[in-house]
**Student:** 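Below you'll find the structure I mean.
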Amino acid sequence: MNVRLPEKFFVPLRRKINFFTYVSMEYNFRDIEKKWHQRWVAMQTYKVTEDETRQKFYVLNMFPYPSGAGLHVGHPLGYIASDIYARYKRLQGFNVLNPMGYDAYGLPAEQYAIKTGQHPEKTTFANIDRYREQLDKIGFSFDWSREVRTCAPNYYKWTQWAFQKMFNSFYSLTPLTPSPVGEGENLSKARPIEELIAYFKNNGTDGLENYGVAQSTELTFTAEEWNSWDEKKQSDVLMNYRLAFMGETMVNWCPALGTVLANDEVVNGVSERGGYPVEQKKMRQWCLRVSAYSQRLLDGLETIDWSESIKETQKNWIGRSEGAEVLIKVADSDVDFTIFTTRADTMFGVTFFVLAPESELVDKVTTPDQREAVDAYIKYVKGRTERERMIDHTVTGVFSGAYGINPITGDKCPIYVAEYVLAGYGTGAIMAVPAHDSRDYAFAKHFDLPIIPLVEGADVSEESYDAKEGIVMNSPVSPDKSVMYDGECLVLNGKTIKEAIAETKRFVKAHHLGRVKVNYRLRDAIFSRQRYWGEPFPVYYKHGIPQMIPEECLPIELPQVDKFLPTETGEPPLGNATKWAWDEKNKKIVENSLIDDENVFPIELYTMPGFAGSSAYYLRYMDPLNDEALVSEKAASYWQNVDLYVGGSEHATGHLIYSRFWNKFLFDLGVSKKEEPFQKLINQGMIQGWSSFVYRLRGTNKFVSFDLLEEQYDDAKKKNLYFYQGTEADPVYADISMVSGNVLDVEKIRQWTAEFRDAEFILNKNGQYIVSQAIEKMSKSKYNVVNPDDICENYGADTLRLYEMFLGPIEQSKPWDVAGIDGCFRFLKKFWNMFRPTPDPSRDGGESLRVDVTDEAPTPAELKALHKLIKKVTEDIEAFSYNTSIPAFMIATNELSSLKCTKRAVLEPMVVLIAPFAPHIAEELWEALGHTTSVCDAQWPVFNEKFLVEDTVKMMVAFNGKTRFGIDFPADADNATIEAAARNHELTPKYLEGKQIMKVIIVPKRMINLVIK
RNA sequence: GCCCAGAUGGUGGAAUUGGUAGACACGAGGGACUUAAAAUCCCUUGGCCAGUGAUGGCCGUACGGGUUCGAUUCCCGUUCCGGGCACCA
């Protein structure tokens, strides 16, 4: 009987046959990944050495702070991206350095130590071990033999060393002594402090202004004075010039953390870590003269391949402004002061002057009858926190009683003291032009001071005219209102503002009324912290004078203490150390009790800030074990600088500025070989977690948020709602039953707390109340950390790597969502099955696999699929567009699978192409293809255009831009043929609608547009 | 307030930089296989309208204009979201 069975009947049958003939191995990612992790270690696959015969490529990730929460899925995003690039470069024949290490000093470990008494080193090392374990699972090509930890003595030896070098350097635009200068050498650089000391011995400060010496304040003294001073006084004076110096400066003091903070560690007036209030306080602190490098930091931005937004942020932070400094004499007094302005053209509109409350000038100019009022005001200002000052911009100020003389008009104008003028910028004194500066305007209105408009057509009755556009008038109001200098007076009327600025600058300079000046907003970095867990300073105090511990004695190791809090006398935690004194004679650290000895002195109690250790770590990776130098000449010359740096954009004004500064200093010393440390920078976006539910309370701007909290209850994980308003203190717990999925039981919420009785909830399409879930940074405190280990366990590292790249453009931030991960997993299975690997009885007793491939020549279709992929993937990797290369792999795999391709010439390059993305599966298949070396050492396939050439092209025909149909043409069809075909196509009359073809536009190989009318 | 980046289906996102908008993936719906589930495979999937159907038409890249034969792409204006700076003279 011949019964025709439906097609579906054959499917299981066929599957069975396959099963018996092939026993095609399943994609067993767990075994594969474990095997290759072991193999890579055993074979030292990722060990790198300097190799002059090959071109170097240096890939670097911003090293992580090993936090207690472990690695979350956001961390690997950047690491995977850089790993793909590193592996790709290696396949192209480059000698790739791809190291990893730990930024191991930090506040959380110290705070944990304070709470538990556990030494921060212990928790830090435990966290590092955990990080390492997690990183190893993902299959990165890191050369772990080069690992650095900032808290390791053999590492921070060089942090201390660099600090000492900065201490012993000053900065000037030109050398102080005429010296032979090499071709193209940077004249503006750090120089040994001895050069400056020699200068002082001979000249004092006479003529120093000609060399552009970077300094805290402008000092004047003679050679005699210098030579007559004792060691202490000379030391104090030199602090004004050293690149690392002890300075009495206003600092961001955070009482809750018991330490000072750098500007970039303060966000919106509170500490970046912990969100504690920060106040301004004058303290003696170590500082780095970062400002000396302002111009070079700015210029360098033009030479590096960073995103515009990061460059812009750095430009803002450096804040260059060109202007003029003008000397103002105080009437009826011999006191004078200097103001800084970028609007020199507005000298005729000055109606008052303003001093910063912190300026020492305030004391000098205040008249006796205003003394009380000024003192009261100063007291008020001091009582205000940084945060209050930032939020509250109401006009405050007080008249000093004195008058300043405008050198251009000769007018006497009142001098005020007001907090809107900052002591730290410019000279701490300004000339106020209310007509053309909104801040001066508000002040003038408040104190009822005159407002003189200086720009034609500018209406200043309601607000100031701040724009730098227009024609100048009232400058002077009348000819006798401009003071004569050497027979010349300033006249600006009729000029454009730009011209007027230039003319005023010239006038001021020519008649010695002031000088042209460039100011930078960039401040010197405060370099000491009152903490335990940081690099100790290699400094001791001899009769109050800071002395460097000799270089050969470095590192000065962090002393043991029994508690990590400040001492009872308020000294930093290092004050708890009992063995923390320097024996100068025997060159060693000794017990504090010996300080009475004439050769024994106390050691610095401050420690260095977080950015100290992270500023030059990329140099150390080049030569991590070197005991003689930070980096050997040979290693530095070979590796030069980082070619590709990957990390978060949140470091734009911190690490990325400090690092550039630090590197420029080391470049001046000849240690670093490139002026810029990081040639190309990629900022990976943040992978955020889902957390807060946010509501607005009706009729208010008050927002209330929930956090989802996972807690362990009776061995079962239960999600609970954690409620807080603005602060995390005193949380109120709610019941999870209020939320099911993302639908909210509003009545329950309303009953739960009075806060929500009037809450306005959002309705979705179905009329249900929904919660809008905020997307936030993943952090332990938000309980929204997604751990990569689970993904590796369930899908494998290759799937994780693929999926993280597939998620979207690398630079974009996005919330973590596992929903799509199956797609990548399925793809890898498909990719695997395309090779049909089977156990190979001839090797390892059948444990290894083999792939049945033929050496037959591939068909054109197979070659086309392959070469399309080579082209796409190569271009995408170069452009860091990994999210588009993964679809290309999917497409090629689908094409080749349906072509049932078994050609070695096609499948083998496929394995190499996927190796950077999914290294484990690639290694396994590479081995199964019969190779005995790692796929890492294969060669990147070369794209050949000729396999992509189409003999026919489909061109779309459009009428007035509306695409209607397509026509196939031979690839070499000429325009006349194409046009004729379009005109004569059977569908053309339908779209002509009786109109005339006015014009024909042919875009080669793409489209034909018929313009009709 | 100033500066920078962005807005594309139910979702993540593609689009050779001015030339077929929605690749690829997820989700959803339908089907095959299975006792069943998982896994796998196939089909449909921007919206609306017409048609039994093959198919055809209109609309559509935040909104409103403009340039162009043709605009997600370029220009002007508006709204919204994100980032940076923020009394820096």
Side-chain angles (χ1 to χ4, degrees), chain A residues 6-12 15 26 268 307-317 319-321 323 339-343 346 354 389-390 392-393 395 418-422 424-433 436-440 442-443 466 519-523 649-650 652-653 683 685 765 775 803 806-809 811-815 817-824 826-827 829-830 833 871-872 875 881 883-891 894 954-966 990 998-1013:
Chain A
E7 169 70 12
K8 63 183 177 186
F9 242 91
F10 289 100
V11 178
R15 203 185 276 162
E26 240 178 70
N268 291 329
S307 76
E308 279 311 309
S309 65
I310 288 266
K311 285 190 192 182
E312 200 58 38
T313 303
Q314 292 215 342
K315 279 179 198 167
N316 282 339
W317 191 259
R320 183 184 205 271
S321 60
I339 58 96
F340 175 75
T341 180
T342 55
R343 292 293 302 273
T346 58
V354 188
R389 253 177 112 155
M390 280 173 72
D392 172 26
H393 283 189
V395 177
E419 61 179 333
Y420 85 89
V421 174
L422 306 177
Y425 184 74
T427 59
I430 61 151
M431 61 177 212
V433 186
H436 302 292
D437 183 290
S438 52
R439 295 153 303 178
D440 298 345
F443 195 85
D466 291 16
N519 262 334
Y520 300 91
R521 194 152 59 202
L522 185 67
R523 309 288 166 83
S649 57
E650 66 272 19
T653 54
N683 299 116
K765 274 186 202 161
I775 307 162
Y803 183 59
F806 183 68
L807 225 43
E811 303 200 284
Q812 204 164 294
S813 288
K814 51 233 149 186
D817 182 7
V818 247
I821 203 162
D822 281 320
C824 289
R826 277 178 211 148
F827 158 70
K829 277 193 278 189
K830 249 188 233 174
N833 290 331
K871 182 174 197 277
K872 180 77 180 144
E875 284 171 1
S881 173
N883 60 317
T884 53
S885 34
I886 290 160
F889 277 114
M890 294 173 172
I891 292 166
N894 285 340
K954 187 177 194 180
M955 291 180 70
M956 301 311 292
V957 180
F959 294 82
N960 283 349
K962 270 193 200 302
T963 310
R964 294 303 182 180
F965 54 86
K990 178 182 165 193
M998 308 298 289
K999 198 175 164 188
V1000 178
I1001 290 154
I1002 296 174
V1003 183
K1005 297 190 201 267
R1006 284 200 190 283
M1007 75 172 318
I1008 309 140
N1009 190 14
L1010 303 174
V1011 185
I1012 58 173
K1013 203 176 164 186

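Convention: sequence-line order gives letters A, B, ...; per-chain numbering from 1.
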**Student:** Between B:rG84, B:rA89, B:rA14, which nucleotide gets closest to the side-chain atoms of A:Pro809?
**Tutor:** B:rA14
**Student:** Can you tell me if A:Asn883 touches the phosphate of B:rA14, counting only side-chain N or O atoms and a distance under 4.0 Å to OP1 or OP2?
**Tutor:** yes
**Student:** Round to a whole Å and report the spacing from CD of A:Glu312 to P of B:rC2.
**Tutor:** 15 Å
**Student:** Measuring only the C1' atom in each nucleotide, how far is B:rG82 from B:rU67? A whole number of Å is fine.
**Tutor:** 30 Å
**Student:** Report yes if at least one side-chain N or O of A:Arg964 is closer than 4.0 Å to OP1 or OP2 of B:rG19; otherwise report no.
**Tutor:** no
**Student:** State whether A:Ser321 places a side-chain N or O below 4.0 Å from either non-bridging phosphate oxygen (OP1 or OP2) of B:rA89.
**Tutor:** yes
**Student:** Are any of A:Lys962's side-chain N or O atoms less than 4.0 Å away from OP1 or OP2 of B:rC59?
**Tutor:** yes
**Student:** When the C1' atoms of B:rU55 and B:rU34 are compared, how many Å lie between them, rounded to an integer?
**Tutor:** 38 Å
**Student:** Syn or anti for B:rU17, taking syn as within 90° of 0?
**Tutor:** syn
**Student:** Is the closest side-chain heavy-atom distance between A:Val1011 and A:Val1000 below 4.5 Å?
**Tutor:** no
**Student:** For the side chain of A:Arg1006, starting at C-beta, report the closest nucleotide among B:rC4, B:rU16, B:rG70.
**Tutor:** B:rU16
**Student:** Return no unless some side-chain N or O of A:Lys829 is found under 4.0 Å from OP1 or OP2 of B:rU40.
**Tutor:** yes
**Student:** Which nucleotide wins on minimum distance to the side chain of A:Thr653, given the candidates B:rG19, B:rC85, B:rA89?
**Tutor:** B:rC85
**Student:** Side chain of A:Met956 only, please: which of B:rA89, B:rC69, B:rU20 is the nearest?
**Tutor:** B:rU20
**Student:** Assign each of A:Val1003 and A:Glu308 to its nearest nucleotide of RNA chain B by heavy atoms, then name whichever residue's nucleotide is nearer the 5' end.
**Tutor:** A:Glu308
**Student:** Side chain of A:Asp437 only, heavy atoms from C-beta on: which candidate in B:rG19, B:rA89, B:rA86 is closest?
**Tutor:** B:rA89
**Student:** With sugar-phosphate meaning primed atoms plus P, OP1 and OP2, does A:Lys311 contact a base, only sugar-phosphate, or nothing at under 4.0 Å between heavy atoms?
**Tutor:** nothing
**Student:** Whole angstrom is fine here: how far is it from CG in A:Leu522 over to P in B:rC85?
**Tutor:** 13 Å
**Student:** For B:rC42 and B:rC81, measure between their P atoms and round to the nearest Å.
**Tutor:** 43 Å
**Student:** Using atom P in both nucleotides, what's the gap between B:rC3 and B:rU78 to the nearest angstrom?
**Tutor:** 13 Å
**Student:** State whether the side chain of A:Arg521 and the backbone N or O of A:Arg320 hold a donor-acceptor pair below 3.5 Å, judged by distance alone.
**Tutor:** no
**Student:** Angle between ring planes, A:Tyr425 versus A:Phe340, binned at 30° and 60°: parallel, tilted or perpendicular?
**Tutor:** perpendicular
**Student:** Would you kindly compare A:Arg343 and A:Gly808 by the position of their nearest RNA chain B nucleotide and give the one closer to the 5′ end?
**Tutor:** A:Gly808
**Student:** From the options B:rA89, B:rC24, B:rA14, select the nucleotide whose nearest atom is closest to the side chain of A:Ile891.
**Tutor:** B:rC24
**Student:** Identify whether the glycosidic angle of B:rG46 places it syn (within 90° of 0) or anti.
**Tutor:** anti
**Student:** Could you check whether A:Val421 gets within reach of a base, just the sugar-phosphate, or nothing at all, counting any heavy atom under 4.0 Å?
**Tutor:** base
**Student:** Ignoring hydrogens and geometry, is there a side-chain-to-backbone donor-acceptor pair from A:Asn883 to A:Leu807 under 3.5 Å?
**Tutor:** no
**Student:** Just to confirm, is there a sub-4.0 Å distance from OP1 or OP2 of B:rC26 to any side-chain nitrogen or oxygen of A:Arg826?
**Tutor:** yes
**Student:** Atom CD1 of A:Ile1012 and atom P of B:rG70: how far apart are they, to the nearest Å?
**Tutor:** 12 Å
**Student:** Is there a donor-acceptor pair under 3.5 Å between the side chain of A:Gln314 and the backbone N or O of A:Thr653?
**Tutor:** no
**Student:** Just to confirm, is there a sub-4.0 Å distance from OP1 or OP2 of B:rA89 to any side-chain nitrogen or oxygen of A:Tyr425?
**Tutor:** yes
**Student:** Just checking, is any N or O donor in the side chain of A:Asn519 or A:Ser321 under 3.5 Å from an acceptor N or O on the other one?
**Tutor:** no
**Student:** Under 4.0 angstrom, heavy atoms only, what part of the nucleic acid is A:Lys990 near: base, sugar-phosphate, or nothing?
**Tutor:** sugar-phosphate
**Student:** Taking the same atom, C1', in B:rC76 and in B:rG84, what whole-Å distance lies between them?
**Tutor:** 26 Å
**Student:** Using a heavy-atom cut-off of under 4.0 Å over every strand shown, decide if A:Ile430 touches base, sugar-phosphate, or nothing.
**Tutor:** base
**Student:** Between A:Gln812 and B:rG13, is there a contact of a side-chain N or O with OP1 or OP2 at under 4.0 Å?
**Tutor:** yes
**Student:** Looking only at the side chain of A:Met890 (C-beta and beyond, no hydrogens), which of the listed nucleotides B:rA25, B:rU20, B:rC41 gets closest?
**Tutor:** B:rA25
**Student:** Nearest-Å distance, CD1 (A:Ile339) to C1' (B:rA89)?
**Tutor:** 9 Å
**Student:** Please state the P separation for the pair B:rA21 and B:rU72 - nearest whole angstrom.
**Tutor:** 9 Å
**Student:** Pair A:Thr346, A:Met431 - check side chain to side chain contact (heavy atoms under 4.5 Å, CB included), show working.
**Tutor:** CA-CA 9 Å; A:Thr346 58; A:Met431 61 177 212; 3.4 Å; yes
**Student:** What distance, rounded to whole Å, do you find between the two C1' atoms, one in B:rC41 and one in B:rC33?
**Tutor:** 8 Å
**Student:** Quantified in whole Å, what is the C1' atom distance between nucleotide B:rG9 and nucleotide B:rC85?
**Tutor:** 37 Å
